[in-house]
Amino acid sequence: MTHYFTRSRLASSSLLTALAFAATLSHAQNLKPGNYEYTTRTEMFGLTIPVSFKQCVTQKDVDSNDAYVNKQGMDGCTPPEVKRNGSEISIRYTCSKPKMTGEGKGTVTAETLTFDMKVIQHDMNNSVVRTALTAKRLGDCSK
């Protein structure tokens with residue numbers, strides 16, 4: 001039971017990490033609105049956890065920074081510090097529930113994004129979680 005809880009907690013926090021990063025991408029404001037497919041691959045304790053999902057991103061979502069926000073589970077995290085240099089983007093943040101720090105770098109274009117994230121989980125003996133996130137525009141959102 002404890003092992004399952006630990007894996008579940010880590011998977012949740014790594015997905016939170018990916019979604020927190022995705023939420024900050026709209027600061028770049030060059031993602032073209034449309035339907036996107038996201039794929040994350042999280043590695044921790046020798047396990048690989050893949051997650052895929054699709055999401056419609058509107059211009060309003062991009063402009064308001066709500067394009068990828070996961071409103072649940074964001075309590076206890078600082079707003080991500082995002083730096084941009086052309087198509088290169090970096091992010092850094094901290095959370096207190098669970099206690100972790102994250103940083104990563106990626107590339108964003110009008111229709112794609114790639115990102116590699118490293119998260120240190122301080123509540124779990126400073127274990128390192130690595131997440132690779134990619135997103136690809138599939139076309140316009142269906143109405």
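Bear in mind the structure is a predicted one, so any value in this text is a computation, not a measurement. For the single chain, residues carry numbers from 1 onward in sequence order. Both backbone and side-chain heavy atoms feed into the values below; hydrogens, waters and symmetry mates do not.
No single ILVMFWY cluster, assembled from side-chain heavy atoms under 4.5 Å apart, contains both Val128 and Val119. Ile49 and Val129 fall within a single hydrophobic cluster, where Ile, Leu, Val, Met, Phe, Trp and Tyr are joined by side-chain heavy atoms under 4.5 Å apart, directly or via other members. If you chain together hydrophobic residues whose side chains sit under 4.5 Å apart, Val108 and Leu138 never meet in one group. Cluster annotation: Phe45 is not connected to Ile120 through the hydrophobic network of ILVMFWY side chains, with a link wherever side-chain heavy atoms come within less than 4.5 Å.
We find the CD-CE distance between Gln121 and Met100 to be 6.0 Å, quoted to the nearest 0.5 Å. Annotation: the span from Thr131 atom OG1 to Glu43 atom CD amounts to 8.5 Å, rounded to 0.5 Å. For the atom pair OG (Ser96) and CG (Asp123), the distance works out to 9.0 Å, reported to the nearest 0.5 Å. From Ser52, atom OG reaches atom CZ of Arg41 across 11.5 Å, with rounding to the nearest 0.5 Å. Here Lys105 contributes atom NZ and Thr114 contributes atom OG1; the two are 13.0 Å apart, rounded to the nearest 0.5 Å.
Two residues are said to be in side-chain contact when any heavy atoms from C-beta on lie closer than 4.5 Å; Val57 and Arg137 fail this criterion. Residues Val51 and Thr42 are not in side-chain contact: their nearest non-hydrogen atoms beyond the backbone lie 4.5 Å or more apart.
Using a 4.0 Å cut-off between charged side-chain N and carboxylate O, Lys136 and Glu37 make no salt bridge.
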request  = Any chance you could lay out the side-chain contact (heavy atoms from CB on, under 4.5 Å) test for Lys54 and Asn35, step after step, and finish with the verdict?
outcome  = CA-CA 7 Å; Lys54 293 178 184 175; Asn35 192 29; 4.2 Å; yes
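Atom CG of Asn85 has 12 or fewer heavy atoms from other residues, nucleotides or ligands within 6.0 Å. Atom CZ of Arg130 has 12 or fewer neighbouring heavy atoms from other residues, nucleotides or ligands inside a 6.0 Å radius.
Using modelled atom types, no side-chain atom of Thr39 and backbone atom of Thr134 make a donor-acceptor pair closer than 3.5 Å.
A donor and an acceptor atom, one from each side chain of Thr101 and Thr94, are nowhere located under 3.5 Å apart.
Between Tyr36 and Ala135, the shortest heavy-atom contact is CD2-CB, 4.4 Å.
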